[in-house]
Amino acid sequence: MQRRILTCVLGSLALCVGGCQVAGFFAGAYQDNTPKTVDAMYTGLAGKSFAVVIAADRGTQGDFPGLIDYLDSEITGRLSKNDNKPLAGGFVPAPQVLKYTYDNPAWPARTRENLAKALGGVERLVIVEVTEYRLHDPGNSYTWDGLAAAQVSVYEMESATPETPVFQRSVSVPYPDDKGYGPEQLPQAGVNTALAQRLVDRVSWLFYEHEEKYNSKY
């Protein structure tokens, strides 16, 4: 009788442990697929006019001629309106910023105060310097191993030191997430678009509350 009771107890314990493990697995899977809310890291655009300016070296611009235009347009769009609500007090449209930077290639040498005045007297300058942008490792064009990195700096014109950024963060994103894919599996245009979109996400998310998946790869 005692042996039968012991067997039942051990069986019940095994079921409990197994059930807890299964429950834990599904809880973990649920958490991994459930988005989490992430706060903005910089909220100083509220009620202020701004312009987004993209910088990249000549090599990057030559290899990816449409990158600066894409980043400026997408990031400006995100920061000007999030969830159909104005995020700032006004902004300079991307085409206007791009025209200025292309017409004035020496703009990086200008003071931030003069640059802000040249762009209509904006109160905030958001400068995104692309420090790395590649689709594969140098010397290996057979498999995709994309990486995009940038430094994001914000300048406040009413600051006592407008030439010093009040906010600065470095961001980087990879694509694709898994190794071993080449042009036969993923076309170059698709890899480039996905990588650029991830960079847009990471830069833009610095400025407003958003949702990210727990298991996000970037």
Original post:
Can you tell me if OH on Tyr142 sees more than 12 non-hydrogen neighbours from other groups inside 6.0 Å?
Top reply: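 Incorrect, the count does not exceed 12.
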
Give, for atom [atom1] of [X] and atom [atom2] of [Y], the distance between the pair rounded to the nearest 0.5 Å.
X      : Y      : atom1 : atom2 : answer
Gln188 : Trp144 : CD    : CH2   : 4.5 Å
Leu71  : Thr76  : CG    : OG1   : 10.0 Å
Glu163 : Thr111 : CD    : OG1   : 4.5 Å
Ser172 : Leu199 : OG    : CG    : 9.5 Å
Lys99  : Thr101 : NZ    : OG1   : 10.0 Å
Gln151 : Ser170 : CD    : OG    : 4.5 Å

Is [Y] close to [X] at the side-chain level, that is, under 4.5 Å between some pair of heavy atoms?
X      : Y      : value
Ile75  : Ser204 : yes
Phe207 : Thr43  : no
Leu147 : Glu132 : yes
Leu67  : Gln61  : no
Phe50  : Leu79  : yes
Asn192 : Tyr133 : yes
Glu123 : Glu156 : no
Thr143 : Tyr181 : no

**OP:** Any chance you could lay out the side-chain contact (heavy atoms from CB on, under 4.5 Å) test for Asp145 and Asn140, step after step, and finish with the verdict?
**Re:** CA-CA 9 Å; Asp145 189 18; Asn140 180 9; over 6 Å; no

Can you give me the closest heavy-atom contact between [X] and [Y], atom names plus distance?
X      : Y      : answer
Tyr208 : His210 : O-ND1, 2.9 Å
Pro174 : Lys217 : CG-O, 3.9 Å
Ala88  : Lys48  : CB-O, 3.2 Å
Pro108 : Pro105 : CD-O, 3.5 Å
Leu195 : Arg134 : CD2-O, 3.4 Å
Tyr70  : Val200 : CE2-CG2, 4.0 Å

**OP:** List the steps and the verdict of side-chain contact (heavy atoms from CB on, under 4.5 Å) for Tyr102 and Ile68.
**Re:** CA-CA 11 Å; Tyr102 287 138; Ile68 286 182; 4.0 Å; yes

**OP:** Say whether Leu87 and Val38 are linked into one hydrophobic cluster, either directly or through other cluster members, by side-chain heavy-atom distances under 4.5 angstrom.
**Re:** no

Original post:
Same cluster or not: are Trp205 and Tyr214 linked, directly or through other Ile, Leu, Val, Met, Phe, Trp or Tyr residues, by side-chain heavy atoms under 4.5 angstrom apart?
Top reply: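 No, Trp205 does not connect to Tyr214 through the hydrophobic network.
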
**OP:** Please list all pairs passing the salt bridge (charged side-chain N to carboxylate O under 4.0 Å, His left out) test where one or both residues lie in residues 57-81, with sequence neighbours left out.
**Re:** Arg78-Asp201

Decide, yes or no, whether a salt bridge links [X] with [Y] under the criterion of side-chain N to carboxylate O below 4.0 Å.
X      : Y      : answer
Arg198 : Asp177 : yes
Glu211 : Lys36  : no
Glu212 : Arg202 : yes

Original post:
Is Met157 isolated, or which residues cluster with it under the ILVMFWY side-chain rule of less than 4.5 Å, directly or via members?
Top reply: Val53, Val92, Val97, Tyr100, Trp107, Leu115, Leu119, Val122, Leu125, Ile127, Tyr155

Subject >> Of Arg112, Gln168, Glu129, the residue whose pairing with Ser153 passes side-chain hydrogen bond (donor to acceptor under 3.5 Å, both in side chains) >> reply: Gln168

**OP:** Would you sort out whether Ser216 and Tyr218 count as a side-chain contact (heavy atoms from CB on, under 4.5 Å), showing the intermediate values?
**Re:** CA-CA 5 Å; Ser216 175; Tyr218 71 99; 4.0 Å; yes

